[in-house]
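Here's the structure we're looking at; comments come further down.
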2 protein chains.
Amino acid sequence: MTEDSNPITYSRRFPTIEDVARLAGVSTATVSRSLNSPARVREATRQAVEAAVKELGYTPNFGGQALASNRTNTVGAIIPTMENAIFARAIQALQETLAARNVTLLVATSQYSPAREEDQIRTLLARGVDGVVLIGSERPASAYELLDARGVPFVILWSAPANTPHVTIGFDNASAAAGVALRVVEMGHRRIAVISGITRDNDRAQARVAGIVAVLENAGIPIHPAYLTECPYSLNDGEAAAIRLLTGTDRPTAIICGNDVLAAGALRGARILGIDVPGELSITGFDDIELATAVYPPLATVRVPHRRMGAAAGDCLMRWIVEGKRPESITLPTEFMDRESLGKLRNT
Amino acid sequence: MTEDSNPITYSRRFPTIEDVARLAGVSTATVSRSLNSPARVREATRQAVEAAVKELGYTPNFGGQALASNRTNTVGAIIPTMENAIFARAIQALQETLAARNVTLLVATSQYSPAREEDQIRTLLARGVDGVVLIGSERPASAYELLDARGVPFVILWSAPANTPHVTIGFDNASAAAGVALRVVEMGHRRIAVISGITRDNDRAQARVAGIVAVLENAGIPIHPAYLTECPYSLNDGEAAAIRLLTGTDRPTAIICGNDVLAAGALRGARILGIDVPGELSITGFDDIELATAVYPPLATVRVPHRRMGAAAGDCLMRWIVEGKRPESITLPTEFMDRESLGKLRNT
DNA sequence: GTGAAAGCGCTAACAG
DNA sequence: CTGTTAGCGCTTTCAC
């Protein structure tokens with residue numbers, strides 16, 4: 001036990017709980033209790049510890065804490081993308097809810113790829129997250145098995161419980177999209193096309209299309225297969241899809257889009273072709289992100305409870321993690337936002 | 001040493017490195033080496049370990065690893081907001097670069113508030129991040145002191161080295177904005193207004209305004225104080241600011257905006273007032289996010305090297321963390337994107 | 001209400 | 001190339 005074996009180099013070691021204990025004249029156990037459950041120590045003791053902490057600039061070592069407590073106070077979320085604002089507000093609300101409980105949010109992206117998502121799940125689990133937030137319910141069983149094997153609580157956002165046994169915090173995509181279709185039909189449109197996001201591996205996109213189709217069928221409106229298109233969620237793809245639809249024979253008078261980005265792209269496509277919206281063509285979106293009112297005409301769309309989903313996800317997850325019992329799924333309402341991009345069918 | 005002291009409850013304990021070692025018939029050290037520096041073990045050994053790992057479904061415990069190695073393989077980034085896409089591409093590129101090195105990115109937001117940013121820095125440091133990425137160079141000294149006290153490597157994005165001794169990976173906001181102003185002047189405009197983001201605590205916004213003002217002064221164009229406005233980075237605020245400018249006396253013929261969101265807002269404001277862009281009014285943006293071409297007319301703006309900044313940040317930071325020596329700052333080029341929202345001054 | 005002490009799972013000298 | 005052996009810093013029984 002050589003002391004000061006290296007008197008020259010000043011060791012850049014951060015104060016540990018032991019340093020605090022020594023300075024405060026208590027044991028490390030008391031420091032720990034003082035910090036984690038202050039109610040269990042005498043007030044005077046707590047203050048002494050607090051003073052020592054402050055004087056030393058002590059911060060608990062994350063690794064030590066994680067190792068000993070078997071918790072990281074970290075929750076992971078995997079969203080398809082950060083490139084558009086769709087998930088931003090939900091993530092923001094989630095982060096705020098978690099921060100209030102002193103847990104940190106790790107955000108990863110999957111780029112709408114199931115394989116990447118599974119990788120990200122693996123990474124998060126390796127990081128020892130205490131809980132996980134996912135978007136949508138459709139993914140390979142192997143992904144769910146990873147989560148199950150670790151026994152890590154997880155919740156699914158953006159979907160409703162219909163198709164999955166897991167805990168969902170979302171809304172009914174099918175009926176929300178059906179609501180849009182109904183408005184479009186009510187406006188007198190009969191030649192109605194759909195630009196959906198890629199439906200493969202995406203239960204939300206599938207449900208939205210299903211909701212729309214059901215309404216059209218119910219209204220006795222024939223659905224020309226060429227009217228049912230899908231493409232990646234990007235401005236350019238939306239534009240291209242719209243141009244394809246609008247230059248075909250029997251041009252639609254309304255295009256229902258799977259989200260606002262596609263709708264904004266479709267709007268651009270219509271402009272390129274010199275087609276007036278809503279005079280000659282109605283376009284609707286979905287999500288009600290800022291973009292919906294940045295374009296002209298502003299997009300009729302569906303307001304999705306972004307912030308409430310994020311906040312509820314944080315609450316549910318933390319309750320699950322702390323109390324150990326699985327929460328109930330939550331289905332939130334959506335709201336149709338009637339705006340200028342949707343208009344009455346012009347008498348032609 | 002009581003074995004099987006609890007034969008009833010099946011302990012849900014995850015396999016540890018010791019389990020792997022036992023099954024593979026080697027020591028824990030060899031397992032560790034096998035996993036972390038495979039080159040240092042015999043191939044046969046490595047395979048045996050790999051087999052054992054697979055059979056047991058072993059994943060290293062994060063806390064243990066962090067504690068023993070004093071590294072978390074985690075880097076934190078604090079961006080002002082996720083609500084618009086400004087930082088999304090940079091973050092995406094950063095994440096990819098880090099992932100390639102097996103490090104995880106922790107993203108936090110400050111909502112453009114220095115106090116929140118400082119909190120987030122504290123949180124990240126408590127998380128034991130190995131490095132930090134910040135946006136912009138202007139913040140209270142106390143924030144830098146936090147970082148310095150921990151000796152954690154950090155890089156600053158979006159700024160140039162002019163105003164800060166720290167490592168920056170960005171571009172010259174002043175000259176990029178000056179480039180825009182120059183084009184506007186070249187188009188014949190003399191009544192030129194500015195809608196900047198809030199300049200307080202924001203060196204990028206300050207630099208952009210400074211760049212613009214310098215060009216105008218140099219061109220002998222008087223700058224009416226009422227023409228120099230600033231507001232938060234939002235569509236609504238941009239719209240309101242534009243309406244204020246456009247309903248005042250001596251209406252400007254061009255508005256240079258601090259970013260694309262403000263410009264899109266200004267465009268909306270002009271539309272509300274029935275002012276044609278670019279016929280009666282030119283508007284420019286900054287950033288070249290997707291929004292710039294989603295609106296009509298598409299925004300003349302400045303393309304910022306989002307992805308390259310993100311990737312370079314990851315590279316520099318990892319080199320700094322691993323090799324221990326501070327990298328040089330990097331200044332990347334920007335590009336003016338000439339689009340329809342900027343037009344020649346109409347002969348009135 | 002507090003202290004002593006036993007690990008949590010891993011890495012990194014150090015020997016061999 | 002591999003094994004032995006200390007800890008890393010913290011939480012948590014278990015006594016007192």
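Each chain gets a letter, A, B and so on, in the order the sequences are listed, and its residues count up from 1.
- For DNA chain D, the span of nucleotides reached by chain A at under 4.0 Å from its heavy atoms goes, 5' to 3', from D:dG9 to D:dT12.
- Shown here are the side chain to side chain contact (heavy atoms under 4.5 Å, CB included) partners of B:Val107, two or more places apart in sequence or in another chain: B:Ile79, B:Ile91, B:Leu105.
- Residue pairs meeting the side-chain hydrogen bond (donor to acceptor under 3.5 Å, both in side chains) criterion with at least one partner in residues 42-53 of chain B, sequence neighbours excluded, are B:Glu43-B:Arg46, B:Glu43-B:Gln47, B:Arg46-B:Glu50.
- Contacts between residues 50-63 of chain A and DNA chain C, defined by a heavy-atom separation under 4.0 Å, are absent.
- The interatomic distance linking B:Leu67 (CG) with C:dA12 (P) rounds to 12 Å, in whole Å.
- Listed by chain and number, the residues in a salt bridge (charged side-chain N to carboxylate O under 4.0 Å, His left out) with A:Lys325 are A:Glu323 (sequence neighbours excluded).
- Between C:dT11, C:dC8, C:dT2, one nucleotide has an atom nearer to the side chain of A:Arg42 than all others, and that is C:dT2.
- Under the rule for a side chain to side chain donor-acceptor pair (under 3.5 Å), the partners of A:Asn73 that lie at least two apart in sequence or sit in another chain are A:Arg71.
- The salt bridge (charged side-chain N to carboxylate O under 4.0 Å, His left out) search around A:Glu145 returns none, not counting sequence neighbours.
- Within 6.0 Å of CZ in A:Arg101 there are more than 12 heavy atoms belonging to other residues, nucleotides or ligands.
- Residues passing the salt bridge (charged side-chain N to carboxylate O under 4.0 Å, His left out) test with A:Arg307 are A:Glu96, sequence neighbours excluded.
- Legend: residues meeting salt bridge (charged side-chain N to carboxylate O under 4.0 Å, His left out) with B:Glu118, ordered by chain and number and at least two apart, are B:Arg122.
- In this view, B:Arg308 and B:Pro305, B:Leu332, B:Pro333 satisfy the side chain to side chain contact (heavy atoms under 4.5 Å, CB included) rule, not counting sequence neighbours.
- For A:Ala99, there are no side chain to side chain contact (heavy atoms under 4.5 Å, CB included) partners at least two apart in sequence or on another chain.
- Atom CZ in B:Phe14 sits roughly 12 Å away from atom P in C:dC10 (whole-Å rounding).
- Atom pair A:Arg40:CZ and C:dG3:P shows a separation of 14 Å (rounding to whole Å applied).
- Of the residues in residues 29-39 of chain A, those placing a heavy atom less than 4.0 Å from an atom of DNA chain C are A:Ala29, A:Thr30, A:Arg33, in numerical order.
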